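Because only heavy atoms are used, hydrogens play no part in the values below, and waters and symmetry mates are left out as well, while side chains stay in. Just so it is clear, the model here is predicted, and its values are computed rather than measured.
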Amino acid sequence: MLKINSEIEELEKEILEKKQLLKKLKKAAPYIPVKNYEFIKSDGQSTSLLELFGDRNELIVVQNMGKSCSYCTMWADGFSGVYEYLVHKAPFVLATPDSPEVQASFAKERNWPFPMVSTIKNRFKKDMGFEKDDYQYPGVSTFKKEDDGSIYLVANDFFGPGDDYSSPWHFFDLLDSGVKGFNPNAVKKR
């Protein structure tokens, strides 16, 4: 029993060190200039990537696959609980391929506090690397705005079971049954 606990501790330490190295490498990667994309907000009004920054110089955009993806819904439900912490640091926006009407209705049903934009009329997801061969992938993009209005992609990361952006997976990992039998489609919001 002690040997396995020691192995667990050593592996956890190694994972933490690798995560620190990954964070350092991502910070060292060059920023990529991006254009000022146009979006439609869930209230039907037009907005731009630049406007999403507000008076701040950093922005977090979640690349959500929309209402049809129960996994993306689970991630977004989790962001509701930490939204106020996130926007204290930078504006936080959820981008989906859904129409503004679908977004507004779904956000109200789920009690999502964050703003949403529709990407149905632009190449934003494709250009950011979250749409390939007509399939969309979930994840997050972070951006930086310079004083002259130029916008840069700072980093992208993809979402998937077991990632660091959705806490239920980590709790499930500690159960004897793990993720076996879990299906987010079966979960109804209370």
Side-chain angles (χ1 to χ4, degrees), residues 26 34 37-49 51-54 56 58-132 134-143 153-175 178-179 181-190:
K26 284 184 177 187
V34 297
Y37 292 85
E38 293 291 322
F39 302 98
I40 305 169
K41 297 188 291 186
S42 57
D43 66 4
Q45 300 295 310
S46 293
T47 193
S48 69
L49 185 59
E51 291 172 317
L52 295 177
F53 283 88
R56 314 282 280 289
E58 293 182 296
L59 173 67
I60 301 166
V61 178
V62 169
Q63 305 278 0
N64 189 284
M65 293 169 57
K67 181 179 179 177
S68 65
C69 178
S70 59
Y71 286 85
C72 289
T73 300
M74 182 176 83
W75 266 257
D77 284 344
F79 302 143
S80 291
V82 295
Y83 174 68
E84 292 301 325
Y85 297 99
L86 294 168
V87 296
H88 184 74
K89 180 74 174 154
F92 178 92
V93 178
L94 195 88
T96 82
D98 294 330
S99 71
E101 300 80 22
V102 169
Q103 285 182 337
S105 172
F106 198 53
K108 183 177 180 183
E109 176 186 317
R110 307 299 294 186
N111 292 316
W112 289 346
F114 35 79
M116 297 176 70
V117 294
S118 176
T119 60
I120 57 175
K121 296 190 178 194
N122 67 30
R123 292 181 43 92
F124 181 69
K125 286 186 175 291
K126 188 175 209 115
D127 293 349
M128 296 304 111
F130 291 93
E131 183 181 326
K132 296 174 187 165
D134 294 324
Y135 184 80
Q136 294 201 27
Y137 298 87
V140 60
S141 300
T142 58
F143 299 93
L153 174 67
V154 174
N156 276 337
D157 206 358
F158 291 88
F159 294 168
D163 69 25
D164 291 333
Y165 301 99
S166 184
S167 62
W169 302 106
H170 304 290
F171 288 102
F172 298 158
D173 286 344
L174 298 174
L175 296 171
V179 299
F182 176 72
N183 180 345
N185 285 318
V187 178
K188 301 294 180 212
K189 184 91 171 163
R190 295 178 197 216

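Rounding to the nearest 0.5 angstrom, the gap separating the NE2 atom in His88 from the OH atom in Tyr85 is 11.0 Å. In this structure, the separation between CD on Glu131 and CE on Met65 is 10.5 Å, given to the nearest 0.5 Å. To the nearest 0.5 Å, atom CG of residue Leu86 and atom OH of residue Tyr83 are 9.0 Å apart. Considering OH of Tyr71 and CG of Asn183, their distance stands at 5.5 Å, rounded to 0.5 Å. If you take CD on Gln103 and NZ on Lys41, they are separated by 12.0 Å, rounding to the nearest 0.5 Å.
Nearest heavy-atom pair across Pro161 and Trp75 is N-CH2, 3.9 Å. For the pair Ser118 and Ser99, the tightest heavy-atom approach, listed with the atom from each and the gap, is OG-CA, 4.3 Å. For Ala104 against Ser42, the heavy-atom pair with the smallest separation is CB-O, 3.5 Å. Of all heavy-atom pairs between Lys132 and Gly129, the closest is CE-O, 3.4 Å. Nearest heavy atoms, Thr73 versus Lys67: OG1-O, 4.2 Å. In this structure, Ser48 and Glu38 approach most closely via the heavy-atom pair CB-OE2, 3.5 Å.
You'll find the side chain of Thr142 stays beyond 4.5 Å of the side chain of Glu58, heavy atoms only. With contacts defined as side-chain heavy-atom distances shorter than 4.5 Å, the pair Phe39/Thr119 qualifies. Inter-residue side-chain proximity for Tyr137 and Met128 is flagged as unmet; no heavy-atom pair is nearer than 4.5 Å. A 4.5 Å side-chain heavy-atom check between Phe143 and Val34 finds at least one atom pair inside the cut-off.
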Could you give me the CA-CA distance, side-chain angles and deciding distance for Phe79 and Trp112, then say whether ring-ring contact (aromatic ring centres under 6.0 Å, His included) is met?
CA-CA 8 Å; Phe79 302 143; Trp112 289 346; 9.1 Å; no
### Task
Output, in order, the C-alpha distance, side-chain angles, deciding distance and verdict of side-chain contact (heavy atoms from CB on, under 4.5 Å) for His170 and Asp164.
CA-CA 8 Å; His170 304 290; Asp164 291 333; 4.0 Å; yes
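Residues passing the ring-ring contact (aromatic ring centres under 6.0 Å, His included) test with Tyr37, sequence neighbours excluded: Phe124.
The six-membered or imidazole ring of Phe158 lies near that of Phe130, with a centre-to-centre distance under 6.0 Å.
Applying the salt bridge (Lys or Arg N to Asp or Glu O under 4.0 Å) rule to pairs touching residues 111-125 yields Arg123-Asp127, sequence neighbours excluded.
A side chain to side chain contact (heavy atoms under 4.5 Å, CB included) with Leu94 holds for exactly one of Ile60, Val62, Val61; it is Val62. Of the candidates Ile40, Leu52, Leu49, Leu52 is the only one forming a side chain to side chain contact (heavy atoms under 4.5 Å, CB included) with Val117.
Between Tyr165 and Phe159, the angle of the ring planes lies from 30° to 60°, which puts this pair in the tilted group.
For the 3.5 Å distance criterion, the side chains of Ser141 and Gln63 qualify, holding a donor opposite an acceptor.
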